[in-house]
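Sequence lines set the chain letters: A, B, ... in the order given, protein chains first and strands last, and positions in each chain run from 1. Side-chain atoms are counted along with the backbone in the values below, which use heavy atoms only and exclude waters and symmetry mates.
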Number of protein chains: 2
Amino acid sequence: MLALTKKTGYALVAMSHLSRLDRGSLASAREIADLFDVPTSLLMNVLKQLASVGYVESVRGARGGYRMAVDPENVSLADLVGVLEGPVRLAECVTEVAGDDTECTCQVMANCPVADPLHRAQRKLKDFLASVTLGEIVKPAPAPTENKG
Amino acid sequence: MLALTKKTGYALVAMSHLSRLDRGSLASAREIADLFDVPTSLLMNVLKQLASVGYVESVRGARGGYRMAVDPENVSLADLVGVLEGPVRLAECVTEVAGDDTECTCQVMANCPVADPLHRAQRKLKDFLASVTLGEIVKPAPAPTENKG
DNA sequence: TGAAACCGTACCATAAGAGTGCTATATATG
DNA sequence: CATATATAGCACTCTTATGGTACGGTTTCA
Ligand code: FES
Ligand code: FES
């Protein structure tokens, strides 16, 4: 339905919380889940997934928890979506636009009249998602001067 | 998974085909479905939905069919998605950003730290989808001078 | 009258998403 | 060592959305 999944939403909230902690501080999944009223097990799953790709670091055992492993500025919405939801694709056939080469399987339609335009739109969507960094999400408010409307 | 549904894809193909016909010419659902190898019943459903909102016009009876009822330039991806898939929303709580008022139900999370930024991102996504018009999709190739990369 | 084509709706099947549970492992604490 | 805490990993269920199909009805033309 052209919407982010809840997993991505949970990841945004969790990473935003972790980003605001002091460098090196830990926060347990339970703590974060309790703070934002999200299911603990769900958040654990999401955090595990984030840890597996290196976005957050996990410390096991009592007094353990999670902490940021990368700078929020280096994580974009496109990255998160790619990790948690799979590759972004506008249409069924447009599998992924990676760099210059377009891994496309447009054989699903005989003479698809919208293949090329969709690829361009796909590229633009990917570009948009990549432009939204976690750093912007973490900031509580945008600078008033940036109020481009 | 942040992807358009097949219905939207079929709609794009069908409307693109209709747009290329002569003004007033009709094309039956069966004809279009046969042309692009899509299920006839599916395409009929999509076309009916498009007709119900006035994007295409239907002519019943033998020798009937569908034809464009609006200028392709006036139909954006955001419009199509809104009709066929429901409102665009980045997050669960961000229901819809319509004009100035943001119909938002952000009570799902206690102290959501990403509410405001997500709303801004949502606005940008909507703006992007609105910027992609059916007119651009219909064109077989972008003007070489527009090759912005 | 009959065929062609749209109309409307209801129905089913599969897939994806959302959520839960359990066991194992690692660490701090007593 | 025993225990509580907390992550790791897996598998499982449940709900919803999507994709796809079917059937009967209505309108129009030959
Ligand atoms: S089949 Fe690839 S864009 Fe249509
Ligand atoms: S609850 Fe609305 S953005 Fe998080």
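If you measure from atom CG of B:Asn45 to atom P of C:dA5, you get 17 Å, rounded to the nearest angstrom. Summarising the geometry, the separation between NZ on B:Lys6 and C1' on D:dA17 is reported as 14 Å, rounded to the nearest angstrom. Atom CG of A:Leu2 is separated from atom P of D:dA17 by 16 Å (rounded to the nearest Å). Between A:Leu4 atom CG and C:dG17 atom P the separation is 12 Å, expressed in whole Å. One atom, CD of B:Glu31, and another, C1' of C:dC6, lie 14 Å apart when rounded to the nearest Å. The distance from atom CG of B:Asp34 to atom C1' of C:dA5 is 15 Å, rounded to the nearest whole Å. The distance from atom CG of B:Leu43 to atom P of C:dA5 is 14 Å, rounded to the nearest whole Å. Distance A:Leu42 CG to C:dC22 P: 16 Å, rounded to the nearest Å.
Between the CG atom of A:Leu129 and the CG atom of B:Leu2 there is a distance of 5.5 Å, given to the nearest 0.5 Å.
Look at A:Lys7 and you won't find any side-chain N or O under 4.0 angstrom from OP1 or OP2 of C:dA16. In this model, the phosphate group of D:dG20 is approached by a side-chain N or O of B:Tyr10 to a distance below 4.0 Å at OP1 or OP2.
Partner of A:Met15 under the side chain to side chain contact (heavy atoms under 4.5 Å, CB included) criterion, chosen from A:Val138, A:Leu47, A:Ile32, A:Leu50: A:Leu50.
When atom types are taken as modelled, the side chain of B:Glu85 and the backbone of B:Leu80 share no donor-acceptor pair closer than 3.5 angstrom.
Using bins of under 30°, 30° to 60° and over 60° for the plane-to-plane angle, the ring pair B:His17/B:Phe36 lands in the perpendicular bin.
With sequence neighbours excluded, no residue forms a salt bridge (charged side-chain N to carboxylate O under 4.0 Å, His left out) with B:Glu73.
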Enumerate all atom pairs, one protein N or O and one N or O from nucleotides 5-8 of chain D, separated by less than 3.5 Å.
| unit_1 | atom_1 | unit_2 | atom_2 | d |
| --- | --- | --- | --- | --- |
| D:dT5 | O2 | A:Ala62 | N | 3.0 |
| D:dA6 | O4' | A:Gly61 | O | 3.3 |
| D:dT7 | OP1 | A:Ala29 | N | 2.7 |
| D:dA8 | OP1 | A:Ser58 | OG | 2.5 |
| D:dA8 | OP2 | A:Tyr66 | OH | 2.5 |

From CA spacing to verdict: side-chain contact (heavy atoms from CB on, under 4.5 Å), B:Phe128, B:Leu77 | CA-CA 9 Å; B:Phe128 159 69; B:Leu77 249 185; 5.8 Å; no
